[in-house]
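A short worksheet on the structure shown next.
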Amino acid sequence: DTEVTQTPKHLVMGMTNKKSLKCEQHMGHRAMYWYKQKAKKPPELMFVYSYEKLSINESVPSRFSPECPNSSLLNLHLHALQPEDSALYLCASSQDRSGGVIYNEQFFGPGTRLTVL
Amino acid sequence: GNSVTQMEGPVTLSEEAFLTINCTYTATGYPSLFWYVQYPGEGLQLLLKATKADDKGSNKGFEATYRKETTSFHLEKGSVQVSDSAVYFCALSVGGTSYGKLTFGQGTILTVHP
């Protein structure tokens, strides 16, 4: 299995709702990432988990809360979002390290298209 | 800091034309270089990569060579198809405290007409 899956594909939520995005990979990768992508722009890194620990938080507002329950799963909990948070949210994974070698190519999921009303 | 500059698009070509998308970079240390492709409505797919100077990455007829002397990683394809229409992102990754971060170029939209 060489893919990253994300659910749901589309999500519409109000500014007072609480929702979660889910990401799963079964490639044995130990690093997982959340990105936000606006139309016609490159992805912007939000969070990095390495060996299930949060290693990078790119100063993301607290209304976004990541969680890594185990090495295969990554969640992004959403609460009190703003309309400007509407975007494509991409999850990615990479092998991280093995035998002293760093593997930094990232494999992306198809994304969740989020609309905040 | 690290940065990637791609040629501005959009690029419009006829089927079977030759494609070049320029990519230059600045980086601290020795980066790994990548080309990602994003088809409409999808996530990013890794197209090819190179991890050290003079490495050539290739996949699906696309090629790019890591040129340290010119800090470039230009993407080429000899004969494009309509199915190659997509957005192409050049990206780099370094280790150290920036480990885990991909620095992307702005993306180049490619449209191929029959």
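Values below: all heavy atoms of this structure, side chains included; hydrogens, waters and symmetry mates excluded. Naming: A, B, ... by sequence-line order, numbering from 1 per chain.
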Original post:
How long is the gap from CG on A:Leu88 to CD on B:Gln38, to the nearest 0.5 Å?
Top reply: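 The CD atom of B:Gln38 is 6.5 Å from CG of A:Leu88, to the nearest 0.5 Å.
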**OP:** Could you tell me whether a side-chain N or O of B:Tyr36 sits under 3.5 Å from a main-chain N or O of A:Phe107, the two making a donor and an acceptor?
**Re:**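 Not confirmed, B:Tyr36 side chain does not pair with A:Phe107 backbone.
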Report yes or no: do [X] and [Y] belong to one cluster of Ile/Leu/Val/Met/Phe/Trp/Tyr joined by side chain heavy-atom distances under 4.5 Å?
X	Y	value
B:Phe62	B:Tyr39	yes
A:Phe64	A:Leu54	yes
A:Met15	A:Leu11	yes

**OP:** Count the heavy atoms belonging to other residues, nucleotides or ligands that lie under 6.0 Å from NZ of A:Lys38, then report whether that count exceeds 12.
**Re:** yes
**OP:** Check whether more than 12 heavy atoms from other residues, nucleotides or ligands sit under 6.0 Å from atom CD of B:Glu15, and answer yes or no.
**Re:** yes
Decide yes or no for [X] and [Y]: does some side-chain heavy atom of the first lie under 4.5 Å from some side-chain heavy atom of the second?
X	Y	value
B:Gln106	A:Pro42	yes
A:Gln37	B:Leu44	yes
A:Lys41	B:Val87	no
A:Leu45	B:Leu102	no
A:Ile56	B:Lys101	yes
A:Glu105	B:Phe34	yes

Original post:
Which one, A:Gln6, A:Glu58, A:Lys9, leads in non-hydrogen pairs under 4.5 Å with chain B?
Top reply: A:Glu58
